[in-house]
Every structure is written in structure tokens, then in C-alpha cells.
Amino acid sequence: MRIAMIGTGYVGLVSGACFADFGHQVCCIDKDGSKIDGLNAGVMPIWEPGLEALVKSNAERGRLTFTTSLPDGVKDADAVFIAVGTPARRGDGHADLTFVFEAVRELAKFIKPGTVVVTKSTVPVGTGDRIEEILGEEGVTGVSVASNPEFLREGAAIADFKHPDRIVVGAEDEQAQDALKEIYRPLFLNRAPILFTGRRTAELTKYAANAFLAVKISFINEIADLCEAVDADVQDVARGIGLDNRIGPKFLHAGPGYGGSCFPKDTLALLQTADKFGVGQRIVRTTVEVNDERKAGMVERVANALGGELKGKRVAVLGLAFKPNTDDMRDAPSIPIVNALIERGAEVSAFDPVAHEQAAKIFSGIEFAADAYAAAANADALVIVTEWDEFRALDLDKVAGSLRGKVLVDLRNVYDRAEAEQAGLTYYGVGRGRLERN
Ligand code: UGA
């Protein structure tokens, strides 16, 4: 199949490279000339494990090309995927569809009958209908519109794409269904479940999936608070409930609240849709509130561990990206924590394996250390904010030796209290027994 992929962000670039790897002929299109120049020279605009090798090998085989020219990419395509950004609009949380609709108006000039236009960006229910209308307004005929939401996680995007739990295709006619069946045939042969639904259902499925995962996280975070009050251990509670197949063990890690480019934005967009149709959605609404408060309140845990006062204290922060294996800082829990530390008069030395460049755009007045131990040097407390693998096996004796104050605030429950205490550290986890508040 000949595929045009409009937008080379996370979803577009990973999907484009993986489709090419399936053997399709893929042309990735982006308006950002420097991004396209970079990609043509083998420079990735994002940090994602395995992506560079995948892009390079498929580009070398001539199956994956990059261009700023929409006409070149679209004119011979069998399917045109739209994977442009849909940022939350400032103020109201609506998904901003400007880029999607601009792309549709533009592609309408070059698309040939028989082509399928597929939304891969996360778009509100009814966007496919609107795209169909726009194509009609532009005089396009014989083109189908489908929805094929993406469920990949940053940091594990390629594995998620190639071994999906399921593929969801929302299509209203056979032309669209057949095209997507053909595109996903390699996964079909691998027995990945493909679910064909109506277009609106597919659009909503994406929001429902992310909202449900967000609910799970906020749920376990509130249970963690309860654990701290009643002297129970949230890790064991999560295991105890997660072994029940009906609940499942995943997304039950208590921590500083969820961040990233998806959960915060998609939960808000779901609520906007609910408001538009006058439907409650109280569970998701509460989840958003719980998460916002949690992230804003995390700095108190550091303050409490340091006796209540942050002024004049030096705090080492490990992990800035919103999760491991990415340099993405969008809505990262580190942002409110670091900003509040600075506002309240603390010095911050931070280390993240890959996110310093992105973080430097957000924070001012923090020091970036060369590694975890350098960050810990002379600090009053070490705070683990993101659970990068390399923070899981720190030499705690060495950490304790570098620290001025012997305090470990482990917001990801990476360490056991006993091993931290053995190294002479006072340990504060999340939801692991009674929390002594100062
Ligand atoms: C999420 C979904 O997991 C993907 O399926 C979806 O395709 C993607 O959004 C999207 O809509 O594009 P992502 O945002 O990359 O993927 O990251 P996750 O691994 O889901 O983590 C999101 C946040 O939840 C992170 O801040 C993470 O630390 C937090 N989290 C996750 C927890 O606090 N506890 C958990 O148990 C799991």
C-alpha cells in the first residue's frame, strides 16, 4: 500500500516507520522544514528507543521518505493518515483541531478517488463526520474517512505498535475497512485482534481507554493516601487486587500523579465532549481534580521530609521527564515540584538521563548535574521523581555519602525502606506505611 502520513510527531513518525517496516511505501509529510531535513539526514526530532534504527533502515530501503510537500506525498496514496497535533486549547481544554482541518482542506486538492483518509491523531467524537463534510465542501468524491486511534506509549512506542493488544478501526464503508485490513495485514497474520466499529465509536474508544487508565492511577494514588493513614502498604494492596484478572496488575503504581501529552489532555477533552452533550462523567471529572491536586501537592512531601522548611535547603531531583525512556516534559510531575521548590527558596540540582535539553526550556535557576551522584552532592534530600532504570540500582551507601542531609523521598517507590535505612537514609515512599508528618 502507498501511505501518506501527515505530521511527524510521536504518533506520525512511529506509525510511518512501522508501516514502512511492514513493507508499505510510506511518505511522511511535515510543514516543519528543519524536521524534514533532519529526518532525511537521519536525525530524530524525538528521543524514542529503537526509532532511529527503524527509520534509517527503512529509509535506506527506499520504503520511507520525508517531504514538506503535501501534494507529492498525497497524490498517489491509497491511504492518507492524519497524525498532526491536537493540543488542548488554552483555557477550555477543547482539543484544537485547526491543524487537522487545515490538513484536510489542503489534501482535498490532491487526493484521488478511492483513497481513504484516516485520523490517527486523538480527535473528539464527530471529527470524522466533519472531515467528510469538509471533503464534500471541497468537491471531493469517492474518498472514505476512517478512524484508527493509536494506543502506543512513549518509550515503548515501537513495541506497542508492532505487538498491539488490539487495533481499532472505525469505518463506515467497505472501501475504508478493506484498506485498513490490508495495511494491518502483517499484524492480522500475527493474530492481533482487529476491532471494526463505527467511526464515532472508534473515536470515543480512544478517549475511554485513556480516561480509564487515568482513573486507575488516581484510584491507586488515593488508596496510597489511605495506606499512609492506616499503616498499610500500597504496593501489596496493588498486587493483592491486581492478581484478580478482572482488575489486572497494570497502571496501579502509586506515584506523583500522571503527566505526559495524553492523559491530562485527553481526560479534559472527554469532559468537554460530555459537557457539550450534557452528560455527567463525574468519575473522570474527579480523576482530573485528584490528579491536579496530587501533582500540586507533591512538594509538601519534600518539605515535610525536611522538617517543613525549604528555604536554604538544597534538593537533588532525579528524573524530570514525565516518565522513563522519553525526553518529553509535557505536564511532567517534575514541573510543579521543581517550580515550587525554587519558589519556596530551595536550591535544586537535577539529573535526567535524556531530558536536560527539554527541561532547560522550562526551568530557570536549577543546576543540571552530570549523574545521580553528582546531583546528590551536598543536598539535604534526594527526591526520585521519574523511575528511570538507572535510578533503580543506585549505590545507596554512595548516595548517602554524597548527601548532606540523609533523606530519600522516593515518589516512585523504587526502593525498599529497609535497604534505604541500612544505608543510613531516612526513607519516605508513597503509600508505604504510616507517614510521619512534621
Ligand atoms: C498513554 C497510554 O498509555 C497509551 O496507550 C496511549 O496511546 C497514549 O497515552 C496516547 O494517548 O497517545 P503515555 O502518555 O505515553 O501513553 O504514557 P503512560 O505510560 O500511559 O504513562 C502516563 C502517565 O501515567 C505517566 O506520567 C506515568 O508515570 C503515569 N503512571 C502510569 C502512573 O503514575 N502509574 C501507573 O501505574 C502507570
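Every number for a ligand or one of its atoms is a count from 1 in the order of the listing. None of the values given here were measured: they were computed from a predicted structure.
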Legend entry - F19/Y184 aromatic ring centres below 6.0 Å: yes

Legend entry - Protein residues that have a heavy atom under 4.0 Å from any atom of ligand 1, sorted by chain and number: E150, F151, L152, R153, E154, K206, N210, I217, F251, L252, H253, Y258, G259, C262, F263, D266, F322, K323, R412

Legend entry - Separation between CG of N325 and CH2 of W388, rounded to the nearest 0.5 Å: 5.0 Å

Given the ring of [Y], does [X] sit roughly above its face, with NZ or CZ under 6.0 Å from the centre of the six-membered ring and within 45° of the axis?
X	Y	result
K216	Y258	no
K398	Y373	yes
R301	Y428	no

Inset, instruction - Spell out, as yes or no, whether a donor-acceptor pair under 3.5 Å connects the side chain of R285 to the backbone of G280. - result: yes

